[in-house]
Number of protein chains: 2
Amino acid sequence: MILDTHIDPAKLTRATRVSNEIRDAIIAGKMRPGAKVNLDQLRDEYGVSLSPIREAISRLVADRLVEFEDKKGFRIVPLCTANLLEITRLRADFEALALKHAIAIGTLEWESKIPAAIHHMNNSTGTRQAAAHDLFHASLVRGCAMPMLRDLCLMLGNLHKRYANILNYDGAGRDMAGEHAAIAEAALARDAELGPTLLARHIERTGNDLSALFEKHAKDLK
Amino acid sequence: MILDTHIDPAKLTRATRVSNEIRDAIIAGKMRPGAKVNLDQLRDEYGVSLSPIREAISRLVADRLVEFEDKKGFRIVPLCTANLLEITRLRADFEALALKHAIAIGTLEWESKIPAAIHHMNNSTGTRQAAAHDLFHASLVRGCAMPMLRDLCLMLGNLHKRYANILNYDGAGRDMAGEHAAIAEAALARDAELGPTLLARHIERTGNDLSALFEKHAKDLK
DNA sequence: TAATGTAAAATAATCGATTAATGTCAAGCC
DNA sequence: GGCTTGACATTAATCGATTATTTTACATTA
């Protein structure tokens, strides 16, 4: 592992464990966008009581994966064009801002994780490559000393990933490795203009591709 | 009310009502930064069971007012210089971005709320003026069609407000009315350069004043 | 037929109690 | 003295059951 903060699994509560599992399931597209969340069903599925289930789901509201309304309960946030556009816009701006700061103040420790992440990406496939791609973005942002901003970048990355998973987006037609390499190179060269710009473009390209795919498949998803 | 979305109080659950009350209390500085949150005590204080109390508090984690750690419980987030700087930086950037968008796409409905908010601010005092000031910032951002960004602006505004309340900041030495008027004027003139710039400066000035006050009083708050 | 009312079913919210884990503190040991 | 150890107190996590509310299905009526 390159970036993981190792956490003793015994320290996790049921609520945390279940929350993480459900988060992954939603991002993977295994829970239908717009669907009501049935807590009783999840209780059976995960074999824990309602309290931790409720707590688990309610944490995902902050991640913008679940919506909540008093006395109506929870539902998986629906997909829509406006939402996808906002995610793209914010993610591009926020990651660019974070990278700019990282370039300004990032340590050697920060730098060294970037080529490592690139190497992982280029030498893995499938699920592992997707995870490596996440780690690449996280590694760029990691040097910036703004924890709230870092969390926001992570959150927005997850939201993009959900669209990508549901739309079966695989970056076809793009020189992904080349884009990543250029971003990494600019970051390591501490180019505070080029790095963030390339990163923003990289994200906008993903967003545009996702939007195009979404428009095409929008009817099937309704 | 200028901006309030009217909500039937009977529709609120205990968890929501208590969450809002505790949020206000933390922002008002009535709960000591860094303090452990004692759920049993809150249970007595608010006269409801642990479930809604726990849910109420846990929602404030997303607002960055409360921190949580598995099996350790909740604590009021501490004040610190780095945190204040990040809030300032992000709030300035985010509100400027939101205003830029509002200027680009805001409706007449959006425009009209701005002078109204100014008028309220200039004709009220104390708590009511503070509320009017919040509404002014909300009214600027409101025209932008990015709900996540709007929520983030609200959250960051609340975080600034907590520092301001705890540090007894009242904007002394500033021509607040003048700053607001200039921002409003640029917004209404649809100046997508000047408006966001003035707004960012306005926020940065607040942030700088808060930082100065915080450095001065940091020892008393430990 | 469309609108309205209503009883039953489903779901959400909350409670009180139990279980599990952590933090405290004083006795014993080096 | 400073450091472990273990009983005790405190707090966190979870459970199962109860209560309140909404949703659904169906019958009634204008």
Side-chain angles (χ1 to χ4, degrees), chain A residues 5-23 25-26 30-78, chain B residues 5-26 31-78:
Chain A
T5 50
H6 294 287
I7 291 177
D8 180 358
K11 295 268 302 183
L12 295 182
T13 59
R14 294 186 229 267
T16 296
R17 183 170 47 74
V18 170
S19 185
N20 290 338
E21 288 179 22
I22 296 178
R23 179 187 294 110
I26 297 175
K30 289 173 186 160
M31 299 180 82
R32 186 175 62 76
K36 278 218 86 246
V37 175
N38 186 322
L39 296 181
D40 280 318
Q41 187 187 313
L42 290 177
R43 179 177 50 67
D44 295 342
E45 199 169 328
Y46 289 94
V48 301
S49 177
L50 276 178
S51 324
I53 287 284
R54 198 181 161 88
E55 185 159 343
I57 283 283
S58 88
R59 285 186 200 169
L60 303 180
V61 173
D63 290 335
R64 302 275 173 177
L65 293 167
V66 167
E67 291 173 344
F68 171 76
E69 190 183 351
D70 269 9
K71 304 190 179 176
K72 297 288 182 61
F74 301 92
R75 82 172 49 245
I76 310 297
V77 324
Chain B
T5 51
H6 295 286
I7 293 176
D8 180 357
K11 294 270 302 183
L12 295 183
T13 59
R14 294 187 231 267
T16 296
R17 184 170 48 72
V18 169
S19 185
N20 290 338
E21 288 179 22
I22 296 178
R23 178 187 294 110
D24 290 344
I26 297 175
M31 299 182 81
R32 185 174 62 74
K36 280 218 84 246
V37 175
N38 186 323
L39 296 180
D40 280 319
Q41 187 186 314
L42 291 177
R43 180 176 51 66
D44 296 342
E45 199 168 329
Y46 289 94
V48 301
S49 177
L50 277 178
S51 324
I53 287 284
R54 198 180 161 88
E55 186 159 342
I57 283 284
S58 87
R59 287 187 200 168
L60 304 179
V61 173
D63 291 336
R64 303 274 173 177
L65 293 167
V66 167
E67 290 172 345
F68 171 76
E69 189 182 354
D70 269 8
K71 303 191 180 173
K72 297 288 182 61
F74 301 92
R75 81 173 49 243
I76 309 297
V77 324

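Quick caveat: nothing in here was measured; it's all calculated off a predicted structure. So that the names make sense, note that chain A is the first sequence line, chain B the second, and so on, each numbered from 1.
- Residue order along DNA chain C, read from the 5' end via each residue's closest nucleotide, puts Glu69(A) first among Glu69(A) and Arg14(A).
- When rounded to the nearest whole Å, the span between CD of Gln41(A) and C1' of dA12(C) equals 16 Å.
- Whole-Å rounding puts the Asp70(B) CG to dG23(C) P distance at 13 Å.
- The phosphate of dG16(C) (OP1 or OP2) has no side-chain N or O of Arg43(B) nearer than 4.0 angstrom.
- Nearer to the 5' terminus of DNA chain C, by closest-nucleotide assignment, is the contact made by Leu39(A) (compared with the other of Gly47(B) and Leu39(A)).
- Residue Arg54(A) places no side-chain N or O under 4.0 Å from the OP1 or OP2 atom of dT14(C).
- Within 4.0 Å of Val18(B), counting heavy atoms only, lies no atom of the nucleic acid at all.
- Residue-to-nucleotide proximity on DNA chain D shows that, of Val48(A) and Phe74(B), the 5′-proximal contact is made by Phe74(B).
- A 4.5 Å side-chain heavy-atom check between Arg43(A) and Arg54(A) finds every atom pair outside the cut-off.
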Assess whether side-chain contact (heavy atoms from CB on, under 4.5 Å) is satisfied between Tyr46(B) and Ile22(B), documenting all intermediate values.
-> CA-CA 10 Å; Tyr46(B) 289 94; Ile22(B) 296 178; 3.5 Å; yes
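- Distance CD1 (Ile57(B)) to P (dT11(D)): 15 Å, rounded to an integer number of Å.
- Under 4.0 angstrom from either OP1 or OP2 of dA12(C) there lies at least one side-chain N or O belonging to Lys36(A).
- In this structure, the side chain of Ser58(B) engages the main chain of Glu55(B) through a donor-acceptor pair within 3.5 Å.
- Put simply, CZ on Arg75(B) is 10 Å from P on dG23(C), counting in whole angstrom units.
- Counting to the nearest Å, the P atom of dG16(D) and the CG atom of Leu50(B) are 18 Å from each other.
- Taking every side-chain heavy atom of Ser51(A) into account, dC15(D) is the closest of dA13(C), dC15(D), dA21(C).
- Using a 4.0 Å heavy-atom cutoff across all strands shown, Asp40(B) reaches no nucleic acid atom at all.
- Of all nucleotides listed (dA21(C), dC15(C), dA13(C)), dA21(C) comes nearest to the side chain of Lys71(B).
- For Arg17(B) and dT14(C), the CZ to C1' distance is 12 Å, given to the nearest whole Å.
- Side-chain contact between Thr13(A) and Lys71(B) is present, with at least one heavy-atom pair separated by less than 4.5 Å.
- Note: NZ (Lys11(B)) to P (dA12(C)) measures 13 Å, nearest angstrom.
- Following rounding to the nearest Å, Ile53(A) (CD1) and dT11(C) (C1') show an atom-to-atom distance of 15 Å.
- Of the side-chain N and O atoms in Lys72(B), none sit less than 4.0 angstrom from OP1 or OP2 of dA13(D).
- With Arg23(A) as the partner, the side chain to side chain contact (heavy atoms under 4.5 Å, CB included) test is satisfied by one option alone out of Val66(A), Ile57(A), Val18(A), Leu65(A): Leu65(A).
- Here dA13(C) is the nucleotide among dT22(C), dT14(D), dA13(C) with the atom lying nearest to any side-chain atom of Phe68(A).
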